[in-house]
Amino acid sequence: MSRAEPDDAVEPVSWWQDFYRVVRRIPRGRVTTYGVIAALAGHPRSARHVGFALAALKDPDGGSTVPWQRVLGSRPRNRAAVTIKDPVGGALQRALLESEGVTFDARGNVSLDRFGWAGPGAKKPAAAPRKRTRA
DNA sequence: CTCTTGACCACTC
DNA sequence: AGAGTGGCCAAGA
């Protein structure tokens with residue numbers, strides 16, 4: 001990832017740091033989507049950057065504390081699926097989630113109705129990333 | 001400043 | 001149901 005390096009950040013926080021902060025709050029055994037992370041971090045339209053930021057976690061030692069595996073791509077019908085570019089990383093993600101109790105569908109989808117996390121205040125899973133008021 | 005690139009999302013064929 | 005298209009935001013060249 002040549003776009004941005006965490007260690008280069010002289011700034012106190014960068015946009016990805018906001019995402020990390022939110023991701024760390026995801027309870028064990030729950031999953032959420034990029035869109036949700038982006039919204040909670042204060043960048044509702046920047047779902048892509050969430051994945052971008054998470055991609056940078058692979059190397060730096062600082063990112064090891066972020067449960068990136070709990071972030072999935074949103075799929076219709078309140079479901080989420082792995083959208084990782086690297087097949088190896090995707091398999092790892094799935095394995096990690098399954099070890100936390102998250103069950104995958106035959107197609108590799110997770111029910112957000114059962115495992116979705118809508119935010120720090122949401123106790124009950126239900127969380128579908130709400131439809132954006134499209135023009 | 002313009003163009004390209006993304007672990008995305010949603011709408012339309 | 002699967003594939004294509006546009007929009008989104010930010011950073012690098």
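Per chain, numbering begins at 1; letters A, B, ... match sequence-line order.
Spacing between atom CZ of A/F52 and atom P of B/dC8 amounts to 12 Å, rounded to whole angstrom units. Taking atom CD of residue A/Q17 and atom C1' of nucleotide C/dA11, one finds them 16 Å apart after rounding to whole Å. Here the P atom of nucleotide B/dC8 and the NZ atom of A/K85 are 10 Å apart, to the nearest Å. Taking atom OH of A/Y34 as the reference point, atom C1' of C/dA10 lies 17 Å away to the nearest angstrom. Look at CZ on A/R48: it is 9 Å from C1' on B/dC9, rounded to the nearest Å. Atom CD1 of A/I37 is separated from atom P of C/dC8 by 22 Å (rounded to the nearest Å). When rounded to the nearest whole Å, the span between CZ of A/R45 and P of C/dG6 equals 20 Å. Rounded to whole Å, the distance from CZ on A/R77 to P on C/dA1 is 10 Å.
Within the structure, every side-chain polar atom (N or O) of A/S46 is placed at least 4.0 Å from both OP1 and OP2 of C/dC8. One finds no side-chain N or O of A/W16 lying less than 4.0 angstrom from the OP1 or OP2 phosphate oxygen of C/dA10.
Atom P of C/dC8 sits at a distance of 15 Å from the matching atom of B/dT12, rounded to the whole Å. A distance of about 16 Å separates the P atoms of C/dG6 and B/dC3, rounded to the whole Å.
When each of B/dA7, C/dC8, B/dC9 is scored by its nearest atom to the side-chain atoms of A/A47, the top-ranked nucleotide is B/dC9. Between B/dA10, C/dA10, B/dC8, one nucleotide has an atom nearer to the side chain of A/S74 than all others, and that is B/dA10.
Going from atom CG of A/L112 over to atom CZ of A/R77 covers 12.0 Å, rounded to the nearest 0.5 Å. Taking CZ of A/R70 as the start and CZ of A/F115 as the end, the distance is 13.0 Å to the nearest 0.5 Å. Taken to the nearest 0.5 Å, the OG1 atom of A/T83 stands 7.5 Å off from the CG atom of A/L72. Distance check: A/L40 CG to A/I26 CD1 gives 9.0 Å after rounding to the nearest 0.5 Å.
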Go ahead and write out DNA chain B as dot-bracket, 5' to 3': ( ) for pairs within the strand, [ ] for ones crossing earlier pairs, | when the partner sits on another strand, dots for unpaired; Watson-Crick or G-U wobble, both distances under 3.5 Å. .|||||.||||||
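Below 30°, between 30° and 60°, or above 60°: for A/F19 and A/H43 the angle between ring planes is above 60°, a perpendicular geometry.
Without hydrogens or angle criteria, A/Y20 side chain to A/A53 main chain gives a donor-acceptor distance under 3.5 Å.
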Please tabulate, for side-chain N and O atoms in residues 87-95 of chain A, each donor-acceptor pair with protein atoms closer than 3.5 Å (sequence neighbours left out).
residue: A/Q93; atom: NE2; partner: A/Q69; partner atom: O; Å: 2.9
residue: A/Q93; atom: NE2; partner: A/V71; partner atom: O; Å: 2.9
residue: A/R94; atom: NE; partner: A/E98; partner atom: OE2; Å: 3.2

